[in-house]
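Just so you know, residue 1 is the first one in the sequence shown, and it goes up from there.
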Amino acid sequence: MELIKQHIKLYQEDFINSLNIENFNEVYESISGRNKEEIASILKQLFRLIDLSINNSTSEISSIHIHFQNDLNKSTKTIIAEFVWNLFFQTHKQNDSSDFENLNLKSRINEIESLLKRDIIAPSNNDRREFNRLINHRKKLRKELAFYKSLPSTSSLIPKTLINLKINQEKDLSECFDSYPHYLKVQLIEVLNSYTLTNVESFNSIYKTKLNEIPLFKILENIILFDCEDRVQRFNQFNLQNLQNLNQRHGTSFKNFIIITFGNSVNSISSIRHKFDLINDRFKIPNVSSYTIINSEIDFLLGRKESEKILIEFDGYDSSNFWDEFILETKITGLYELRSIKLMNIYSICYTDEIKNYIIDELFSEKETSELISSTTKLAILELRDEDIDVLKEALSNTLDVIINSGIKSIVSDSLSNNPAIVLDEAILRNQKLLSKVRNCLGFTKTTKFKTWADLTNSDLKDLVILSYRDQGRYPNYYYPSLLELDLDSECIARAILPSFLFKQYYSWSKYNLCKEYHKLLTHPIREQHFEWNTLKNKIQELKPEQKLHIDWNLENEYSNSDQRESYKLKLKGQRVRTAYGSDLFIISEDAKTVYKVVKIDYLLSLDNEDNKVFIQKLDEIQQNINIYDKIVDKKQQEAELEIIRKQFNLGDETAGRLWKVLLKNLAEVQGEDQLYSDLKKHFESKGIKIVSQFHFKNSWINPQSESIAPLSKRVFIELCEYLKIPKIYFIIIQRIRNSSKQSSRHSTRQMNQLLKDLFNDCCFDTDRNPKEIINNRLDYYKANHPLDDLGIDENHLTTNLVALVELIQPELKLFELETIEKTNNE
């Protein structure tokens with residue numbers, strides 16, 4: 001991001017100094033805002049942007065969205081609004097070339113002069129307040145007279161620009177023009193008018209407004225929306241598409257459509273993206289119409305000190321053969337969580353042998369649970385062969401030794417002399433055993449100095465040492481704050497100390513991706529023409545690391561904590577406020593509730609539900625309310641199938657989850673445990689499959705009392721069933737039972753949600769549609785795009801199962817009206 005800031009600075013001054021200074025000064029001198037000198041450069045920037053974008057022809061409407069990344073204070077916004085008002089007033093005043101004397105203007109001047117010639121008659125009761133009122137009224141009349149006399153007698157004062165404002169902003173602006181007759185709301189237009197009108201009402205409420213029997217919309221040329229886009233839906237019909245339609249079919253002559261918006265306290269690329277998406281969708285402007293004035297530009301224009309940058313220190317060597325070996329082994333064994341950023345942050349604080357032994361034991365002990373990783377990953381480790389576990393364990397042990405021996409602990413300890421706050425990953429802070437070891441290692445007696453990333457939002461901390469890595473992620477799994485997007489107080493000192501071989505490559509990619517995305521979002525014809533934008537693009541491309549980065553953001557999101565992600569507040573009618581995340585899916589329908597579809601949160605943000613009510617339901621709620629996997633099948637048919645398998649193997653009344661274990665146990669009793677394990681190992685290896693460790697084989701596979709329902713690996717279990725000559729339907733049944741018994745599994749929930757999403761978007765739930773017919777026409781798609789076996793759905797009876805799924809879900813559709821949706825500030 002620093003590259004983009006410095007590049008813009010090179011051209012910023014020349015850009016604003018290229019304006020027509022005489023025209024600017026005329027507008028600038030006419031505004032009364034206090035402290036306007038402090039934001040003079042911002043006003044010049046705004047003047048330049050509007051001047052470059054204004055269209056003087058009537059053939060096509062010019063549109064520009066000017067967005068200030070920073071949420072400027074109330075008084076500054078008011079000065080900007082007053083400047084925009086005066087800019088268009090002065091422009092129209094200069095271009096007003098009527099050849100006829102304005103008789104209404106002449107009449108009003110004569111009327112005021114006549115009133116001022118009269119003597120002030122003091123109140124008979126000597127009421128001082130009434131006397132002051134008369135004095136003030138006379139002062140206003142003099143101002144009004146001076147203003148009207150300053151205009152050419154041919155001034156038409158016909159309205160040309162409409163500025164839409166929020167009610168509070170209009171109130172602040174009207175106070176600036178308290179004694180000036182040329183400030184008028186659209187609702188107060190009279191015979192004598194102003195070139196510029198303000199409005200706080202909806203499009204429909206002023207559509208039929210007339211001036212001298214002429215529709216107002218046939219007189220106006222410019223529509224401006226000032227800081228009124230967010231949750232003020234009465235202005236939605238002031239969109240480019242609508243204005244173009246009025247020009248083409250209803251004889252209007254709109255020339256310019258200008259939207260001015262401001263950010264919030266969260267200064268991130270995600271907040272810019274969401275603002276653009278909202279504006280583009282709601283007001284139908286082209287994607288290239290948005291021009292963002294980023295925070296560093298605002299700082300430069302205001303002459304204020306920029307927020308401090310984090311000093312990032314990557315300690316030690318840039319690479320480690322031990323770590324490379326560990327990465328390779330986790331890829332081979334499919335153990336992504338062990339190389340996830342969450343676990344890397346845990347490895348990075350391994351400063352002592354005590355911490356190392358704790359990490360190794362929690363990951364590779366024979367316990368079925370772990371305080372560091374998910375139960376699924378722990379079970380997957382237990383199912384590995386002994387030799388595979390040993391290779392992983394040794395590679396990680398050596399990696400942790402590299403960190404211990406690197407001297408990073410001394411560097412961290414030296415940085416703690418000023419008693420700073422220490423930022424650690426949430427996974428470390430919530431693990432009391434690990435936190436205690438880290439605390440003791442660093443010489444702290446209390447944990448109050450330890451903070452999470454979430455604690456840094458709107459924080460007034462002045463001294464930080466960051467010992468955990470976090471970048472912005474990838475949409476919709478977006479994280480804020482992060483190393484690259486942390487807004488610090490100008491007095492704050494922040495230092496990140498991280499092992500280089502773990503994180504430097506991640507940081508390089510994150511930096512490149514962030515710059516690339518910022519360049520894309522900031523691209524605008526004005527940038528391209530005046531800021532050498534293509535040169536910047538080439539500079540950013542030089543940042544691209546040579547080595548590829550293999551990261552799965554969906555899995556990273558699954559293993560991270562939800563409070564680290566971008567969140568939103570949803571208010572549904574009659575319901576409490578709920579929290580949602582960018583990756584959440586929602587069922588959505590309008591008033592009639594006859595057509596449904598499944599969408600993400602960004603779609604909800606763009607909705608206009610002023611005229612049509614929108615009803616939603618979080619898709620996850622259905623799986624929380626009912627056990628889909630338990631109800632999707634015909635229990636009688638499943639039991640009949642199990643009974644056939646029991647009789648085939650003479651297994652009596654054994655439950656489904658024990659059948660394969662009992663069969664293996666019986667074989668072990670005949671052949672011996674060691675011999676059976678050896679035979680299975682040879683058989684699996686001949687198929688290119690690795691068998692579990694002998695310990696796990698003994699404690700789980702041939703132990704009917706063990707908790708596991710089946711091996712995690714689909715391929716391993718299918719091969720095991722074939723080895724035991726169990727019919728394929730048994731695998732399907734076990735998948736149903738396993739899914740049914742682990743409703744909290746995010747992986748299985750996500751798989752089912754993706755299937756439901758397709759069923760909804762294929763219209764299977766819509767009124768008067770035949771789901772069986774739809775599903776039959778889409779069978780090949782469902783087979784190719786969904787793990788049906790994992791979901792416990794028999795491919796041979798796919799239509800029947802999916803129709804049953806639709807019928808099961810339909811009674812659970814309980815959509816509520818969406819009242820409000822807003823992004824929270826804990827991104």
Practice problem: For the pair F503 and Y506, name the ring-plane relationship: parallel under 30°, tilted 30 to 60°, perpendicular over 60°. | Solution: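 Plane angle over 60°, so perpendicular.
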Practice problem: Could you walk me through whether I774 and C763 pass side chain to side chain contact (heavy atoms under 4.5 Å, CB included), step by step? | Solution: CA-CA 8 Å; I774 295 170; C763 306; 4.2 Å; yes
Quiz item: Does the ring center of F615 lie less than 6.0 Å from the ring center of F816?
Solution: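 Centroid distance F615-F816: not below 6.0 Å, so no.
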Practice problem: Indicate, with yes or no, if the rings of W660 and Y730 have centres closer together than 6.0 Å. | Solution: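 Between W660 and Y730, the centre distance exceeds or equals 6.0 Å.
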For [X], check salt bridge (charged side-chain N to carboxylate O under 4.0 Å, His left out) against everything at least two apart and list the hits.
X    : answer
E337 : K342
R715 : none
R439 : none
K451 : none

Self-check item: Crowding at NZ, K618 (>12 non-hydrogen neighbours, <6.0 Å)
Solution: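 Check passes, neighbour count above 12.
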With no hydrogens and no angle check, is any side-chain donor or acceptor of [X] less than 3.5 Å from a backbone partner on [Y]?
X    : Y    : value
D762 : L759 : no
W701 : A710 : no
K356 : N398 : no
T377 : S374 : no

Quiz item: Partners of Y596 by ring pair (Phe, Tyr, Trp, His ring centres under 6.0 Å), sequence neighbours excluded?
Solution: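 Ring pair (Phe, Tyr, Trp, His ring centres under 6.0 Å) list for Y596, sorted by chain: empty.
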Self-check item: Results of ring pair (Phe, Tyr, Trp, His ring centres under 6.0 Å) for F586 - residues two or more places apart only
Solution: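 Ring pair (Phe, Tyr, Trp, His ring centres under 6.0 Å) list for F586, sorted by chain: empty.
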